[in-house]
Amino acid sequence: MDTKKIGIAIIVVGLSLCVMFIDSYKYLVSALTVVILGFLITLIGYLEDVKKQKFINDKLNEDIERIIQPLITKYSNLNKQYSSQYDGEEYIQKRMEINRNLEKELTENLPYLESRQIKKIVIDFSKEQGQIIIFFQIF
């Protein structure tokens with residue numbers, strides 16, 4: 001279970017004990033100690049998340065030039081090639097194939113990213129390629 005959730009659960013338990021034993025000084029101090037313990041555990045959970053996110057951001061900054069940019073360029077060129085070769089349903093199928101392949105390669109090369117983060121990169125790529133196609137169709 002997540003450290004933050006455990007801390008919040010301990011806070012709730014501590015506050016419940018505070019309400020139950022508000023008349024007894026001895027138990028109230030113990031209940032307040034439980035609340036403080038919950039706050040500390042929650043804080044540790046948030047600090048772990050910040051540390052994890054910093055690691056991911058640092059690693060991603062390194063991998064943008066080394067992995068992501070070459071993959072985007074590769075699949076962008078492939079998309080341009082497919083847009084000139086195929087029309088209609090065939091082109092849509094080829095674009096879906098490009099998106100799946102890009103997602104697969106990103107997953108293999110960036111194992112520290114979550115699936116939803118990789119999907120966001122692929123969706124942004126797909127939107128950008130769609131705008132480029134519309135631009136070329138206008139001119």
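The shown structure was predicted, so the numbers you read here are calculated from the model rather than taken from an experiment.
A donor-acceptor contact under 3.5 angstrom links the side chains of Gln93 and Glu89, judged on distance only. There is no side-chain donor-acceptor pair under 3.5 Å between Asn77 and Tyr82.
Counting only heavy atoms from C-beta outward, the side chains of Asn79 and Tyr91 approach each other to under 4.5 Å. When side chains are defined from C-beta on, Leu110 counts as touching Ile67, because their heavy atoms get closer than 4.5 Å. Side-chain contact check for Ile121 versus Leu113: some heavy-atom pair is nearer than 4.5 Å. Proximity of Ile41 to Ile8: side-chain heavy atoms (C-beta onward) are nowhere separated by under 4.5 Å. Side-chain contact between Ile68 and Leu106 is present, with heavy atoms from C-beta onward closer than 4.5 Å. Between Asp23 and Leu28 the shortest side-chain heavy-atom distance does not fall below 4.5 Å. Residues Ile92 and Tyr86 fail the side-chain proximity criterion, which asks for heavy atoms closer than 4.5 Å. Looking only at side-chain heavy atoms (C-beta outward), Lys120 and Gln117 stay at 4.5 Å or farther from each other.
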Exercise. Under the side-chain contact (heavy atoms from CB on, under 4.5 Å) criterion, do Leu32 and Cys18 qualify, and how do the steps go?
Worked result: CA-CA 7 Å; Leu32 289 173; Cys18 284; 3.5 Å; yes
For this session: Output, in order, the C-alpha distance, side-chain angles, deciding distance and verdict of side-chain contact (heavy atoms from CB on, under 4.5 Å) for Leu60 and Tyr112.
Result: CA-CA 9 Å; Leu60 196 56; Tyr112 55 87; 3.8 Å; yes
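Here the NZ atom belonging to Lys119 is positioned 7.5 Å from the OG1 atom belonging to Thr107, to the nearest 0.5 angstrom. For the atom pair Asn57 CG and Gln53 CD, the distance stands at 4.5 Å (nearest 0.5 Å). The distance from atom CZ of Arg66 to atom CG of Asn109, rounded to the nearest 0.5 Å, is 8.0 Å. Atom CG of residue Leu102 and atom CG of residue Leu78 lie 10.5 Å apart, to the nearest 0.5 angstrom. For the atom pair NZ of Lys94 and CG of Asp87, the computed distance is 13.5 Å after rounding to the nearest 0.5 Å.
A donor-acceptor contact shorter than 3.5 Å is absent between the side chain of Ser126 and the backbone of Ile123. Although no hydrogens or angles enter the test, the distance criterion places no donor-acceptor pair under 3.5 Å between the side chain of Ser24 and the main chain of Phe21.
If you chain together hydrophobic residues whose side chains sit under 4.5 Å apart, Ile6 and Leu15 never meet in one group. Hydrophobic clustering (side-chain heavy atoms under 4.5 Å, transitive across Ile, Leu, Val, Met, Phe, Trp, Tyr) keeps Met20 apart from Ile11. Cluster annotation: Ile64 and Phe55 are assigned to the same hydrophobic cluster (Ile/Leu/Val/Met/Phe/Trp/Tyr, side-chain heavy-atom contacts under 4.5 Å, transitive).
A salt bridge links Lys74 with Glu105: at least one charged nitrogen is closer than 4.0 Å to a carboxylate oxygen. Using a 4.0 Å cut-off between charged side-chain N and carboxylate O, Lys52 and Asp49 make no salt bridge.
In this structure Lys54 satisfies the salt bridge (Lys or Arg N to Asp or Glu O under 4.0 Å) test together with Asp58, sequence neighbours excluded. Contacts of Asn101 classified as side chain to side chain donor-acceptor pair (under 3.5 Å), with partners at least two apart in sequence or in another chain: none.
Just one residue in the list Val34, Thr42, Val35 forms a side chain to side chain contact (heavy atoms under 4.5 Å, CB included) with Ile10, and that residue is Val34.
Annotation for Glu65 and Pro70: closest pair O-CD, 3.4 Å, computed over non-hydrogen atoms.
Taking the six-membered ring where the residue is Trp, Phe125 and Tyr75 present perpendicular rings, their angle passing 60° and hence far from 30°.
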